[in-house]
Every structure is written in structure tokens, then in C-alpha cells.
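Structure below; questions to follow.
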Amino acid sequence: MGSVGLLYVGAVLFINGLMLLGKIPGKAAAPMNYFVGIMQVVFPTLLMLQSEGDPAVVLGASGLYLFGFTYLYVALNQTFDLGGEGLGWFSLFVAVVAVVMGYLNFTTVNDPVFGAIWLIWAVLWFLFFLVLGLHRDSLTRTTGWFTVIVAHLTGTIPALLLLTGAYQSDSLWTWVMGLAGALALALSIMLGRPQHESSTVPPPPEPPPRRNARAAV
């Protein structure tokens, strides 16, 4: 169930990244945020109800609510034209918790690949905080590109690997995921640089017209 939810996390992050890049209007992105937001609230609730108090299951399910509330928050903001400050500061909370979840995946859950994924998500949600909470508009394009890339790096691809039984979590793939996250951030910063209008250099002045020799006679 968690793997299915992760697949659609990739989908909604992809849509939201395109929204930040101005490719999709906010109201057009709202339905997907409603769909996945509701899913990411219902799924962890069902998981915890069936967990019989298993701490590992409860821990894994609790992180899904962070995504569900984020997407529902995005959907409501776009539907009712609300300001983004509340979502921005909530994103700071998510970023801090994501660091803790990453640490727990490295130490307690013994899933280092998802430890790296949680740290990448912490960076992503911290960018949301900067853009929405602190109005760092210059980072909007960088955040949009990072969201688009991370959607597949941490959502779509791991979900498909989990669903097909090909997922592996060892030191090699942890380093691969960490390096991929760092490269994704570097590429997003490059792509997100403001596109200044090319400065037009005025053409050199034309030489004065030569006098017609015959007219000068």
C-alpha cells in the first residue's frame, strides 16, 4: 500500500514542479493534489489500524501524513487563492521532521536508501519554505526544477522498484541516491538561474555620408 502511495507522490510532485515553473496553472494542479492528498491520509490511517501497534509500521505510516497534509494544503491554496505563508512554514516543519525520519531510516529501520531519500525530501521541503514562507521568489524556478527531478528520483523510480520486487537498500545504492540528489540540486540551480534579457549593445554610429564630388564643384 505504501509503495502505491509513493508512486503517486512522484506524480503529484511532477505536477507541482511544473506548476512552479509556470507550465501548469495552479487551479489545474489542484485536483491531483486533492486526489493524492486524500490518498496519503487514508492509506496511513489504514496501515496503522492494521498494524496492531507495531512501532515500525506506525513510524512508516506517520511519515505519509506529512505528504498528505502538504498536498491538501496546496490544493486548498490553489482552489481558494490563499496565501502561501502557512504552507511555507508548515514545509519548514516537514523539512525538520524529514531529517529525523532520515536518521531513523539509517539507524533504526535499517533502510539507508530511504534514509537518503528522506534527506533529499528535507532539502525539497526547505526550498518550499524559502519560496512560500520567506518569499524568496528568486528560488522559484530552482525549486520547480528540483521538484520535477526529485519527483521521479525519490518517488516514481523507488515505487516501481518496490512494486516489482527489485528494490535494494545497501551502501552502494545509498551512495548512488545521495549523489543523484546532489546532482539534481546542482542541475536545478543551473536551470533555475534568472533569465535576464540579453543586453542590446547599440550599433556603432554610421559614418557621415560622403559628399558627392560633383555636387561639391
Side-chain angles (χ1 to χ4, degrees), residues 2-3 5-6 9-10 12-14 16-17 20 36-37 40-41 43-44 47-48 54-74 84-136 139-140 142-159 161-162 167-189 192:
S3 304
L6 184 63
V9 165
V12 75
L13 284 178
F14 178 60
N16 289 345
L20 287 170
V36 181
Q40 295 293 75
V41 170
F43 276 15
L47 286 172
M48 286 196 292
D54 186 342
V57 176
V58 173
L59 175 64
S62 63
L64 299 179
Y65 285 112
L66 299 172
F67 294 94
F69 293 151
T70 296
Y71 305 140
L72 289 175
Y73 215 142
V74 171
E85 293 84 358
L87 176 58
W89 284 94
F90 174 68
S91 297
L92 177 61
F93 170 80
V94 176
V96 173
V97 175
V99 173
V100 177
M101 296 295 286
Y103 172 77
L104 292 175
N105 273 268
F106 278 114
T107 58
T108 304
V109 183
N110 195 26
D111 188 349
V113 169
F114 258 91
I117 288 175
W118 272 106
L119 295 182
I120 294 172
W121 284 336
V123 175
L124 178 61
W125 258 257
F126 186 73
L127 287 173
F128 292 156
F129 162 66
L130 293 178
V131 172
L132 299 173
L134 300 184
H135 300 287
R136 301 290 179 84
L139 294 174
T140 300
T142 294
T143 305
W145 280 112
F146 193 56
T147 306
V148 167
I149 299 172
V150 165
H152 305 299
L153 177 64
T154 65
T156 309
I157 295 173
L161 292 174
L162 285 164
Y167 174 78
Q168 297 181 27
S169 185
D170 52 32
S171 59
L172 173 61
W173 287 109
T174 303
W175 280 105
V176 169
M177 179 60 70
L179 179 60
L183 290 175
L185 181 59
L187 179 61
S188 301
I189 292 172

Side-chain touch L124/T154, heavy atoms, less than 4.5 angstrom:
no
Show the numbers, then the answer: is there a side-chain contact (heavy atoms from CB on, under 4.5 Å) between W175 and D170?
CA-CA 9 Å; W175 280 105; D170 52 32; over 6 Å; no
Could you walk me through whether N105 and I117 pass the side-chain contact (heavy atoms from CB on, under 4.5 Å) check?
CA-CA 10 Å; N105 273 268; I117 288 175; over 6 Å; no
Testing the basics here: between L153 and A180, what is the closest heavy-atom pair and its distance to 0.1 Å?
CD1-CB, 3.7 Å
Are L20 and F128 side-chain neighbours, meaning at least one heavy-atom pair lies under 4.5 Å?
yes
Do you know the tightest heavy-atom contact between L66 and T70?
O-OG1, 2.7 Å
Student check: side-chain heavy atoms of L6 and F114 closer than 4.5 Å:
yes
With the side chain counted from C-beta on, respond yes when M101 and V109 share a heavy-atom pair under 4.5 Å apart, and no when they do not.
no
If we count only N and O atoms by modelled type, under 3.5 Å, do the side chains of T147 and N16 hold a donor and an acceptor together?
no
Once you round to the nearest 0.5 Å, how far does OG of S169 lie from CG of L161?
11.5 Å
Which atom of G84 lies closest to which atom of L132, heavy atoms considered:
O-CB, 3.4 Å
Any chance CH2 of W118 has more than 12 other-residue heavy atoms, nucleotides or ligands included, within less than 6.0 Å?
yes
Is there a side-chain contact between Y167 and I157 in this structure, where contact means two heavy atoms from C-beta onward sitting under 4.5 Å apart?
no
So which atom in S188 and which in A184 form the shortest heavy-atom distance, rounded to 0.1 Å?
OG-O, 2.7 Å
Are F129 and F126 close enough that their ring centers fall under 6.0 Å?
yes
Mind listing the closest non-hydrogen atom pair of Q40 and G5 along with its distance?
OE1-CA, 3.6 Å
Among V97, V99, V94, I120, side chain to side chain contact (heavy atoms under 4.5 Å, CB included) partner for W125
V94
Passes side-chain contact (heavy atoms from CB on, under 4.5 Å), L119 versus F106? Steps please.
CA-CA 11 Å; L119 295 182; F106 278 114; 4.0 Å; yes
Report yes if the side chains of V74 and V12 come closer than 4.5 Å at any heavy-atom pair, otherwise no.
no
What is the ring orientation for F67 with W121, classed by angle as parallel under 30°, tilted 30 to 60°, or perpendicular over 60°?
perpendicular
